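To start, the structure itself, in structure tokens.
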Amino acid sequence: MDQTPKTFGQQAGRRSWAEPWKIKMVEPIKMTNPADRQEELERAGYNTFLLRSECVYIDLLTDSGTSAMSDRQWAGMMLGDEAYAGSRNFYHLESAVQQYYGYRYVVPTHQGRGAEHLLSRAAITPGQYVAGNMYFTTTRLHQEMAGATFVDVIIDEAHDPENLHPFKGNVDLNKVQRLIDRVGADKVAYISLAGTVNMAGGQPVSMGNVRELRLLCDRYGIPIYLDATRMVENAFFIQEREPGYTGKTIAEILKEFCSFTHGAWMSAKKDNLVNIGGWLAVNDWDLFEELRNMVVIFEGLHTYGGLAGRDMEAIAIGIEEAVQDDHVRSRVGQVRYLGELLTAWNIPIVQPVGGHAIFLDAKRFYPHIPQDQFPAQTLAAELYLDSGIRSMERGVVSAGRDPQTGDHRYPALELTRLTIPRRVYTQAHMDVVAEAVQAVFEAAPQTRGLKLVYEPKYLRFFQARFERI
Ligand code: F0G
């Protein structure tokens with residue numbers, strides 16, 4: 001096997017992208033030794049969420065809240081108007097959401113799940129259904145806790161890690177239609193549309209798909225709410241892959257996409273390039289009234305929603321930076337660089353490579369480990385042991401238990417996610433990661449699975465503990 005990545009630099013006529021920034025401040029990190037990592041992993045119950053960050057070398061647990069802010073954002077932090085009510089920074093945030101996402105009314109929240117909580121309570125009547133393009137952990141739990149049953153309506157291709165469909169996040173309109181026929185349109189609270197789809201591997205939704213979805217939903221009066229967490233990255237894939245969009249900017253595509261939806265919730269910790277924050281935005285005044293009233297109970301007054309003034313200022317600036325074409329190109333470009341290395345070395349990953357992460361296909365790493373011995377959790381543990389790289393399980397542990405039967409839910413995708421923070425690591429870090437993954441892949445036949453020894457009731461993946469079998 002040719003292990004050198006040199007072929008990438010040698011394609012005739014290739015012009016490389018580079019980051020549209022230079023580094024002004026650095027944070028030292030250090031490699032740990034194998035004995036210390038073994039001890040730390042046992043202390044953490046083989047769960048990468050329970051590792052201490054200081055024991056991690058390259059942290060690819062998540063792209064959430066881990067971005068590097070720009071000098072402009074840090075300068076904005078000094079302009080925090082820390083008033084309880086009516087902070088100037090709220091109005092800046094509100095106008096940035098209106099300008100770039102196009103919604104009318106904005107409610108700030110402390111992060112994405114705060115927004116999910118409010119929207120689920122306001123828009124779901126117990127006994128209703130929510131249809132979504134694959135679930136996300138916190139999103140589905142809030143919908144279920146508000147009394148809804150979640151129905152997955154993503155296209156079948158999304159469940160196949162090797163399928164090369166360019167828009168694997170698309171909604172299967174026939175699945176939506178069948179749900180409406182089965183339960184009745186008034187029983188469908190809303191469509192929960194995510195762009196990109198995190199659990200499918202950061203896969204995008206096409207403009208054509210959201211346009212048709214809107215036509216279908218309009219016939220039945222069903223609203224579409226968008227999980228806009230990584231919608232900027234989704235816009236990049238539309239620009240790259242969908243006929244008619246090559247000449248449009250990311251900002252134009254983002255706004256057009258949002259125009260087909262009735263509102264959105266946001267984890268600003270991703271696309272919006274901040275360490276904390278979120279928001280909800282809708283076009284309907286009555287729904288806004290309800291949300292604006294409810295935010296006071298759970299998050300804070302409707303002009304701060306659990307955030308400091310400085311946090312809202314950083315989000316407002318981040319929104320504008322995030323939609324710049326050169327930023328998105330280098331962000332997705334770095335993820336793709338890692339994906340190209342692993343693909344060239346025949347490491348099984350979800351294809352096509354998505355916007356925010358590489359998803360290792362743990363089923364193909366460990367065909368000898370049954371799913372109830374947690375192949376993806378095992379892979380995350382092995383990667384940490386090998387090189388201090390932290391990743392995240394996105395398989396049977398994350399899927400949790402069926403609320404009716406109490407059994408594990410067995411998702412088709414059993415993945416370990418290497419999530420790339422925005423503007424944080426260099427290409428050399430990506431090389432180190434690729435080599436570590438290859439070492440773990442080569443040792444795979446000798447690797448044993450894990451058993452669950454402690455499991456919390458909600459979102460078990462965050463705090464569950466394991467032991468080696
Ligand atoms: N929606 C999506 C698609 C997400 O990926 C997340 C968080 C949320 C909503 C919730 O937002 O964390 O701000 O409360 N995803 C993180 C991740 C945790 O690592 O993928 P939050």
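Both ligands and their constituent atoms are indexed starting at 1 by order of listing. Bear in mind that the values here come from a model prediction, so they are computed numbers and not experimental data.
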>> Do R211 and F257 form a cation-pi contact, if we require the NZ or CZ to be under 6.0 Å from the six-membered ring centre and within 45 degrees of the ring's axis?
In response: no
>> For Y454, does the six-membered ring have the charged nitrogen or CZ of R465 within the cation-pi criterion, i.e. under 6.0 angstrom from the centroid and within 45° of the normal?
In response: no
> According to the salt bridge (charged side-chain N to carboxylate O under 4.0 Å, His left out) rule, which pairs have a member within residues 302-312, sequence neighbours left out?
Replying inline: E82-R310
> Which residue pairs pass the salt bridge (charged side-chain N to carboxylate O under 4.0 Å, His left out) test when at least one of the two sits in residues 114-139, sequence neighbours left out?
Replying inline: none
> Taking S87 for the side chain and D81 for the main chain, is one N or O donor matched with an acceptor at less than 3.5 Å?
Replying inline: yes
>> Suppose the criterion is side chain to side chain donor-acceptor pair (under 3.5 Å): which pairs have a residue in residues 48-57, not counting sequence neighbours?
In response: E40-R52
> Listing by chain and number, which residues have a heavy atom under 4.0 Å from ligand 1?
Replying inline: T62, S64, Q111, G112, R113, E116, F136, T138, N198, D227, T229, R230, S267, K269, K270, M392, R417
